[in-house]
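The block underneath contains the structure these notes are about, expressed in structure tokens.
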Amino acid sequence: MTIVRVAACHASPIFLNAPKTATKAVHLIQEAASHGAQIITFPETFIPGFPFWSALRAPAENHSLFKSLVHASPSLSSAPMRAIQDAAAQHSVTVSMGFSERPEDSIATLYNSNVIYGPDGGVLVHHRKLVATFFEKLSWAPGDGEGLRVAHTPNGRVGQLICGDNTNTLARYALMAQGEQIHISSWPAAWPTRLLPDVGDGGKAPAGEESGAEKNYDNVSANRLRVAAHCFEAKCFGVMCAAALDDVAIATTAAGARDPDIVRSTLRRSPRGATMYINPSGGVLPGFTVDSATGKKKVMEFLQQEEGILYADMDLDDCIEGKQFHDVAGGYQRPDVFDLRVRRERRSGATFLDTAIPASEWSDDPV
């Protein structure tokens with residue numbers, strides 16, 4: 001069988017609370033698996049949430065929020081992440097989870113990370129976002145190439161990139177060159193790039209002022225454009241999984257700000273990220289939701305404003321035909337002209353050599 005059912009969880013985290021967010025994720029995995037999902041995806045830094053404050057508040061205002069993010073960010077071996085790992089094994093599904101990672105060898109360096117667990121609970125890919133985008137640099141360190149790998153799962157070859165990684169042409173090509181069939185991209189609930197004034201509870205901008213969707217970053221078109229281009233080039237299916245934004249995240253981001261009304265207004269008026277699917281020709285693949293009470297399906301192209309799980313059935317044989325036209329990492333490539341080398345190794349701040357240095361190697365030069 002080449003048909004694969006994918007579930008994208010369009011959900012909000014329990015903001016800055018990793019254990020409770022992991023518990024919510026386990027329930028979503030259970031629900032998706034009960035409806036036949038074999039691959040289940042989650043948004044960017046779903047555990048424990050996205051640091052919107054870095055976009056909307058001056059850095060000098062954000063020390064306590066950064067400290068909260070540090071304390072809430074789990075390591076890969078932490079209890080919240082083990083809960084996700086165990087859920088993948090319990091339900092025999094592949095799970096892609098975004099998390100703000102605090103590695104065990106650091107007390108405050110964070111990475112924007114994603115892990116893919118296999119149906120046996122094993123870690124298939126552990127990726128750290130290559131470059132934190134714009135204001136994200138105030139929260140996360142740059143990652144490395146270790147995670148530029150395609151997971152060979154029982155349900156196809158699965159790759160994953162985080163948000164702005166999908167703008168990195170060479171990172172995308174590195175996955176294409178491994179025969180990627182399903183490309184998972186993860187996104188935040190919103191990505192504000194400018195402040196929007198408070199317009200009151202009605203939500204309508206003053207006469208003559210542009211709407212929030214026109215004035216701030218348009219997540220839907222920008223994200224869909226990148227993923228559609230990748231799917232067309234790779235001849236693969238695309239999963240766009242964005243988070244939902246709840247009132248707790250807005251209130252937490254605004255609390256203590258110099259102008260909390262502006263912070264709240266900007267988040268409320270900023271375009272929401274959308275969760276949707278793309279087919280191997282770059283077009284929209286309609287998904288569907290499932291009513292948990294009745295089991296009835298409802299066809300939907302995307303989820304955006306409300307939480308839910310969007311499903312899609314993918315026939316991996318549909319990845320084949322387009323390769324006749326443009327197999328951009330195979331028959332349509334010129335390896336005699338282009339030579340891409342990818343360093344897939346985990347980088348650390350120091351290499352420790354815990355062995356004695358022979359006296360013959362000592363230098364007489366003063367240090």
Side-chain angles (χ1 to χ4, degrees), residues 1-10 32 35-44 93-96 114 116 150-163 165-169 171-187 218-242 273-290 297-304 308-333:
M1 293 291 291
T2 60
I3 306 297
V4 178
R5 177 163 293 182
V6 180
C9 298
H10 187 79
H35 293 303
Q38 297 150 301
I39 299 173
I40 303 170
T41 71
F42 287 85
E44 178 179 10
V93 293
T94 298
V95 175
S96 175
N114 193 90
I116 299 177
V150 167
H152 289 244
T153 79
N155 305 110
R157 301 184 186 187
V158 180
Q160 198 279 342
L161 290 176
I162 303 166
C163 195
D165 276 339
N166 293 278
T167 317
N168 189 316
T169 304
R172 295 192 302 101
Y173 183 86
L175 299 185
M176 293 183 208
Q178 298 171 69
E180 185 184 38
Q181 294 170 293
I182 299 175
H183 179 75
I184 300 170
S185 59
S186 55
W187 312 88
D218 185 350
N219 281 279
V220 178
S221 63
N223 299 352
R224 177 182 167 184
L225 177 66
R226 285 177 279 187
V227 177
H230 180 78
C231 291
F232 177 80
E233 293 174 353
K235 311 307 178 192
C236 71
F237 287 95
V239 185
M240 294 170 55
C241 186
T275 291
M276 61 191 303
Y277 295 97
I278 304 295
N279 66 34
S281 64
V284 174
L285 173 68
F288 60 89
T289 57
V290 179
K297 297 179 183 179
K298 180 180 179 181
V299 176
M300 301 184 70
E301 283 197 357
F302 61 89
L303 291 176
Q304 187 177 26
I309 301 177
L310 190 69
Y311 300 85
D313 292 330
M314 302 173 177
D315 186 345
L316 298 186
D317 271 354
D318 289 345
C319 299
I320 296 175
E321 182 177 326
K323 294 282 190 180
Q324 296 181 103
F325 319 139
H326 314 107
D327 189 354
V328 300
Y332 209 69
Q333 182 53 277

**Prompt:** Of R157, Q160, H230, which is the lone residue that meets side chain to side chain donor-acceptor pair (under 3.5 Å) with E180?
**Reply:** H230

**Complete:** Rounding to 0.5 Å, atoms SG (C319) and CZ (F237) come to a distance of 5.0 Å

**Request:** Only counting residues at least two apart or in another chain, list the ones meeting ring pair (Phe, Tyr, Trp, His ring centres under 6.0 Å) with H152.
**Result:** none

**Prompt:** If you take all heavy atoms of G282 and A228, which pair is closest and at what distance?
**Reply:** O-CB, 3.4 Å

**Item:** Minimum-distance pair of heavy atoms, taken over all atoms of L316 and G156
**Value:** CD1-CA, 3.7 Å

**Complete:** Rounding to 0.5 Å, atoms CE (M314) and CG (N279) come to a distance of 9.5 Å

**Message:** Tell me whether the rings of Y311 and H35 are parallel (<30°), tilted (30 to 60°) or perpendicular (>60°).
**Reply:** perpendicular

**Heavy-atom donor-acceptor pair, E44 side chain to I162 backbone, under 3.5 Å** = no

**Request:** Apply side chain to side chain contact (heavy atoms under 4.5 Å, CB included) to the pair I3 and D315, showing each step before the final yes or no.
**Result:** CA-CA 4 Å; I3 306 297; D315 186 345; 3.4 Å; yes

**Message:** Looking at V239, is its backbone amide N or carbonyl O close enough to the side chain of S185 to form a donor-acceptor pair, meaning the two atoms are under 3.5 Å apart?
**Reply:** yes

**Message:** Quick check for you: to the nearest 0.5 Å, what is the distance between L310 atom CG and L303 atom CG?
**Reply:** 4.5 Å

**Residue pair R5 / K297: nearest heavy atoms and the distance that separates them** = NH2-NZ, 3.3 Å

**Prompt:** Would K235 count as a cation-pi partner of F232, with NZ or CZ less than 6.0 Å from the six-membered ring centre and within 45° of the ring normal?
**Reply:** yes

**Message:** Please evaluate residues D313 and F288 with respect to the criterion side chain to side chain contact (heavy atoms under 4.5 Å, CB included), reporting the C-alpha separation (whole Å), side-chain torsions for both, the decisive distance (0.1 Å), and the verdict.
**Reply:** CA-CA 9 Å; D313 292 330; F288 60 89; 4.0 Å; yes

**Request:** Specify the closest pair of heavy atoms between M240 and R224, including all atoms of both residues, with the distance to one decimal.
**Result:** CE-N, 3.5 Å

**Request:** Mind listing the closest non-hydrogen atom pair of A312 and P286 along with its distance?
**Result:** CB-O, 4.5 Å

**Residue pair H183, N166: steps toward the side chain to side chain contact (heavy atoms under 4.5 Å, CB included) verdict** = CA-CA 10 Å; H183 179 75; N166 293 278; 2.7 Å; yes

**Minimum side-chain heavy-atom gap C236-C231 below 4.5 Å** = yes

**Asked** For residues N155 and T153, is any side-chain donor paired with an opposing acceptor at under 3.5 Å?
**Response** no

**Prompt:** Where do I182 and I39 land on the side chain to side chain contact (heavy atoms under 4.5 Å, CB included) test, with the steps shown first?
**Reply:** CA-CA 10 Å; I182 299 175; I39 299 173; 3.7 Å; yes

**Request:** Could you tell me whether the side chain of K323 and the main chain of V328 form a donor-acceptor pair under 3.5 Å?
**Result:** no

**Fill in**
In T94, V95, V150, the residue satisfying side-chain contact (heavy atoms from CB on, under 4.5 Å) with I116 is T94

**Prompt:** Between H326 and Y332, how do the two ring planes meet: parallel, tilted or perpendicular, split at 30° and 60°?
**Reply:** perpendicular

**Message:** Can you tell me how far apart OG1 (T169) and CZ (R226) are? Round to the nearest 0.5 Å.
**Reply:** 11.0 Å

**Complete:** Between the CZ atom in R172 and the OG1 atom in T167, the distance rounded to the nearest 0.5 Å is 8.5 Å

**Message:** Could you check whether any side-chain N or O of N223 sits under 3.5 Å from a backbone N or O of V220, counting only pairs where one atom can act as donor and the other as acceptor?
**Reply:** no

**Asked** What distance separates W187 CH2 from C241 SG, expressed to the nearest 0.5 Å?
**Response** 11.5 Å

**Message:** Can you give me the closest heavy-atom contact between G273 and A242, atom names plus distance?
**Reply:** C-CB, 3.7 Å

**Prompt:** Looking at H10 versus F302, is the centre-to-centre ring distance below 6.0 Å?
**Reply:** no

